[in-house]
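For clarity, every value in this text was computed on a predicted model and none was experimentally measured.
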Amino acid sequence: MGLLLMAMGSFALVGAITPGPVNVLALRHGAAARRGVALAYVLGASLSYASVVWLMGVGGELVLSNPGVMQAARWVGAAYMFYLAWRIASAPPSELNGKVPSTRRSGLQTLVEGVLTQSLNPKAWIVALSGVSLFVLPQENVPQARWLFVAVSLLACFVGVGSWAWVGRALAQWLTLPARQRAFNRTMGAVLALCVIGMLG
């Protein structure tokens with residue numbers, strides 16, 4: 001069990017911390033928002049990813065036998081990510097100056113954005129399905145392995161996405177000038193679009 005847990009943890013952390021659409025947005029949220037709002041995004045993305053892992057654990061065999069389902073999900077998710085990339089690239093500087101209202105509503109909106117972004121992230125579904133194929137389906141006790149992988153994935157995603165938000169927070173002081181904010185917006189939008197193109201390739 002110890003070796004399985006270590007293997008699951010290493011796989012999940014690598015999948016969560018490597019560059020991808022959710023992490024690019026976490027970087028932006030860390031730079032743009034108050035700490036609590038950025039944390040809401042990280043929490044939403046992490047809970048959503050744990051749900052994706054659970055769904056793949058329950059229906060992984062079905063998805064593996066019907067590759068068209070995964071292909072359709074990839075294109076729907078990619079379309080949403082391209083939309084987010086355009087919104088980020090065209091966002092005005094005022095959205096990146098730390099003046100996001102510290103209200104419950106903005107935190108809730110950011111939590112929902114984290115959930116939606118992760119649930120429509122093609123990378124999340126592909127990594128989750130790969131992990132389920134490696135660590136869950138081959139086990140004798142599949143339900144136990146599934147819940148263990150869900151718990152490990154939740155923690156790994158929180159650490160991985162949270163790291164990107166923390167880096168974004170460290171950039172906040174540098175982003176006080178409107179010109180820098182505009183450049184940051186456009187760069188993040190372009191990086192997000194390139195991440196999606198890379199996943200579709």
Side-chain angles (χ1 to χ4, degrees), residues 4-29 38-85 108-139 141-165 192-193 195-201:
L4 177 63
L5 190 60
M6 285 179 60
M8 283 182 174
S10 300
F11 176 89
L13 185 58
V14 168
I17 208 166
T18 50
V22 172
N23 290 336
V24 171
L25 290 171
L27 180 68
R28 181 183 178 272
H29 275 297
L39 182 61
Y41 175 84
V42 173
L43 181 60
S46 302
L47 291 172
S48 179
Y49 183 63
S51 300
V52 168
V53 171
W54 184 83
L55 287 170
M56 288 290 95
V58 171
E61 291 177 328
L62 178 64
V63 173
L64 286 170
S65 63
N66 293 279
V69 174
M70 182 61 83
Q71 191 68 12
R74 285 179 69 202
W75 285 105
V76 170
Y80 178 69
M81 296 298 166
F82 280 127
Y83 166 71
L84 286 180
L108 180 60
Q109 285 178 332
T110 310
L111 178 78
V112 170
E113 183 181 348
V115 169
L116 285 175
T117 303
Q118 189 70 282
S119 63
L120 293 173
N121 177 16
K123 177 190 171 188
W125 291 89
I126 293 167
V127 172
L129 182 59
S130 300
V132 165
S133 302
L134 288 170
F135 305 115
V136 175
L137 298 180
Q139 303 304 315
N141 190 337
V142 171
Q144 181 184 38
R146 179 172 61 236
W147 283 114
L148 181 62
F149 191 47
V150 167
V152 167
S153 297
L154 175 63
L155 180 60
C157 189
F158 192 84
V159 171
V161 179
S163 298
W164 284 76
L192 178 56
C195 286
V196 177
I197 292 169
M199 286 186 301
L200 292 175

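Residues passing the side-chain contact (heavy atoms from CB on, under 4.5 Å) test with Leu134, sequence neighbours excluded: Phe11. Residues forming a side-chain contact (heavy atoms from CB on, under 4.5 Å) with Thr117 (at least two apart in sequence, or on another chain): Val22, Leu25, Tyr41, Tyr80, Met81, Leu84, Glu113. A search for side-chain contact (heavy atoms from CB on, under 4.5 Å) contacts involving Val14 returns Thr18, not counting sequence neighbours. Here Tyr49 pairs with nothing under the ring-ring contact (aromatic ring centres under 6.0 Å, His included) rule; sequence neighbours left out.
Across all their heavy atoms, Ala124 and Gln118 have their closest contact at CB-OE1, 3.3 Å. The nearest pair of heavy atoms linking Pro138 to Val132 is CD-O, 4.1 Å. Between Met8 and Ala145, the closest heavy-atom pair is CE-O, 3.7 Å.
Note: Gln144 CD to Leu4 CG = 9.0 Å, rounded to the nearest 0.5 Å. Rounded to the nearest 0.5 angstrom, Leu129 CG and Leu137 CG are separated by 8.5 Å. The line from OG1 of Thr110 to NE2 of His29 is 5.5 Å long, rounded to the nearest 0.5 Å. Of the inter-residue distances, the one linking Leu111 atom CG with Leu116 atom CG reads 10.0 Å to the nearest 0.5 angstrom.
Listed for the Trp125 side chain is a donor-acceptor partner under 3.5 Å among the backbone atoms of Ser119. Between the side chain of Ser48 and the backbone N or O of Gly44, no donor-acceptor pair lies under 3.5 Å.
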List the atom pairs, with distances to 0.1 Å, where a side-chain N or O of residues 156-164 and a protein N or O form a donor-acceptor pair under 3.5 Å, not counting sequence neighbours.
residue	atom	partner	partner atom	Å
Ser163	OG	Val159	O	2.7
Trp164	NE1	Ile17	O	2.9

Output a table of donor-acceptor pairs, distance under 3.5 Å, between side-chain atoms of residues 51-59 and any protein atom two or more places apart or on a different chain; print 'none' if there are none.
residue	atom	partner	partner atom	Å
Ser51	OG	Leu47	O	3.0

